[in-house]
Colleague: 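Structure provided below as structure tokens; questions to follow.
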Amino acid sequence: MDKQSAQERAHALHELLNTYNYEYYILDQPSVSDAEYDRLIQELSKLEEEYPELKTPDSPTQRVGGGVLESFQKVEHRTPMLSLGNAFNDQDLRDFDRRVRQAVGGDVQYVVELKIDGLAVSLRYENGLFIQGATRGDGTTGEDITENLKTVRSIPLRLKTDVSLEARGEVFMPKASFERLNELRLQLEEEPFANPRNAAAGSIRQLDPKIAAKRNLDIFVYSIADLGGTGIDRHSEALDFLEKEGFKTNKERRKCESIDEVITLIENLQEKRASLPYDIDGIVIKVDSLAQQDELGFTAKSPRWAVAYKFPAEEVTT
Ligand SMILES: NC(=O)c1cc2c(N)ncc(C(N)=O)c2s1
């Protein structure tokens, strides 16, 4: 095949494979078989071997990239990755709501989301291309785990538009993957992981991306660190924007007009907890208006415009 046709075919395969990846890992609605996907990946790999300049960083063949790292580089977060203040009962939630209303005056809408029990990461994109991913670390300095995050199939290597942004999300291991991994570890007489969160943390911090790639990690993206210029003025709009750009967001989010509505919704979500295919350790409640979030600001370590309602710890199943 001559160079021109190889370039055209490689570009077509990029589009096709990225679409199939999006359908399978983000929409959970694959339109082709795994065999067909693998056949196309093989075809693209051959073209990239023949014409190395076709091997672009966002090529689907580049998910399990680099070699084994000696250690992780440090990354300074441009905006700190803060922790959330906790609420343990309805009274705590009402106190939070009162503080919010006293500070902003007038109506407040909340967005209620599941608190995913994984580990927080930041994903940086320049002109639509995934360029760096990092752990939360101490909130100011994290570790560069870009190569491992590229192996998480639900993290897009290129967004739908050439936007530059930093997104935040929670990497987690689905319960079924956790069970399978522990069965394998027991067969190999290795120490099983205590819970999916530890398994995800241990997997995403592997120095060898080939190991991370086998751990079936997943992600829910839940905020944009800097909304400069997007014209978005509500958190709920930011989530819709992230979804449109090709990120995986969690569907169980709801807008509430009052803390009473929040409390009722939390009761319903608590009943759903055991049936979810991933672990959650609570519910996140955020003021929806970004202008009101700015008015409320932050304490030394947490936003005043959000709170995490923590579920009582689940009885340990030995
Ligand atoms: N530490 C944090 O700010 C957050 C932590 C988490 C988490 N573990 N899961 C979901 C959300 C969310 N939907 O906002 C947040 S926000």
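Numbers here simply count residues along the sequence, with the first being 1. The figures that follow rest on heavy atoms only: side chains count, while hydrogens, waters and symmetry mates do not. Remember, it's 1-based here, ligands and their atoms both numbered in the order they're listed.
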Colleague: Heavy-atom distances under 4.0 Å decide this one: backbone, side chain, both or neither, for K115 against ligand 1?
Modeller: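 Near ligand 1, K115 shows its backbone as well as its side chain.
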Colleague: Are F247 and Y125 an aromatic pair by the rule of ring centers under 6.0 Å?
Modeller: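 Ring-ring flag for F247/Y125: true, centres closer than 6.0 Å.
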Colleague: Starting from atom 9 (N) of ligand 1, what is the nearest protein heavy atom, named by residue and atom, and what distance separates them?
Modeller: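 For atom 9 (N) of ligand 1, the nearest protein heavy atom comes out as I116 N, 3.0 Å.
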Colleague: Salt bridge between R168 and E166, side-chain N to carboxylate O under 4.0 Å?
Modeller: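 Yes, charged N to carboxylate O under 4.0 Å.
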Colleague: Which protein heavy atom lies closest to atom 11 (C) of ligand 1, and at what distance to 0.1 Å?
Modeller: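 The closest one turns out to be Y222 CD2, 3.3 Å.
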Colleague: Hey, is ligand 1 close enough to K286 that some N/O pair sits below 3.5 Å?
Modeller: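 Yes, since at least one N or O of K286 sits under 3.5 Å from an N or O of ligand 1.
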Colleague: Considering only heavy atoms, does R253 approach ligand 1 within less than 4.0 Å through its side chain, its backbone, both, or neither?
Modeller: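 Near ligand 1, R253 shows nothing, with every heavy atom at 4.0 Å or more.
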Colleague: Measure the distance from atom 13 (N) of ligand 1 to every protein heavy atom, then report the residue, atom name and distance (to 0.1 Å) of the closest one.
Modeller: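 Going atom by atom, the protein heavy atom closest to atom 13 (N) of ligand 1 ends up being E113 OE1, 2.8 Å.
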Colleague: Determine the minimum heavy-atom distance between R180 and N216, stating which atoms define it.
Modeller: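 That would be NH2-ND2, 3.7 Å.
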Colleague: In terms of atom number and element, which parts of ligand 1 are under 4.0 angstrom from non-hydrogen atoms of L82?
Modeller: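 With L82 as reference, the close atoms of ligand 1 come out as 1 (N), 2 (C), 3 (O).
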Colleague: Checking side chain to side chain contact (heavy atoms under 4.5 Å, CB included) against T61, which of H14, E49, E48 comes through?
Modeller: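 In the set H14, E49, E48, the residue that makes a side chain to side chain contact (heavy atoms under 4.5 Å, CB included) with T61 is E48.
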Colleague: Kindly assign one of parallel, tilted or perpendicular to the pair F96 and Y110, based on the angle between their ring planes and the thresholds 30° and 60°.
Modeller: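 Plane angle between 30° and 60°, so tilted.
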Colleague: What's the shortest distance from atom 2 (C) of ligand 1 to any protein heavy atom, and which residue and atom give it?
Modeller: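 For atom 2 (C) of ligand 1, the nearest protein heavy atom is L84 CG, 3.5 Å.
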Colleague: Is there a heavy atom of L114 sitting under 4.0 angstrom from any atom of ligand 1?
Modeller: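 Checking ligand 1 against L114, which is what was asked, there is a heavy-atom contact under 4.0 Å.
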Colleague: Looking at ligand 1, is there an atom of it that comes within less than 4.0 Å of some heavy atom belonging to R136?
Modeller: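 In this structure, R136 fails to qualify as a contact of ligand 1 - no heavy atom is under 4.0 Å.
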Colleague: Determine, for E190 against R185, whether the closest basic-nitrogen to carboxylate-oxygen distance falls under 4.0 angstrom.
Modeller: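 Between R185 and E190 there is a salt bridge, with a charged N closer than 4.0 Å to a carboxylate O.
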Colleague: Test side chain to side chain donor-acceptor pair (under 3.5 Å) on Q109 and R234; report intermediate values, then the result.
Modeller: CA-CA 10 Å; Q109 285 82 34; R234 303 189 80 80; 2.7 Å; yes
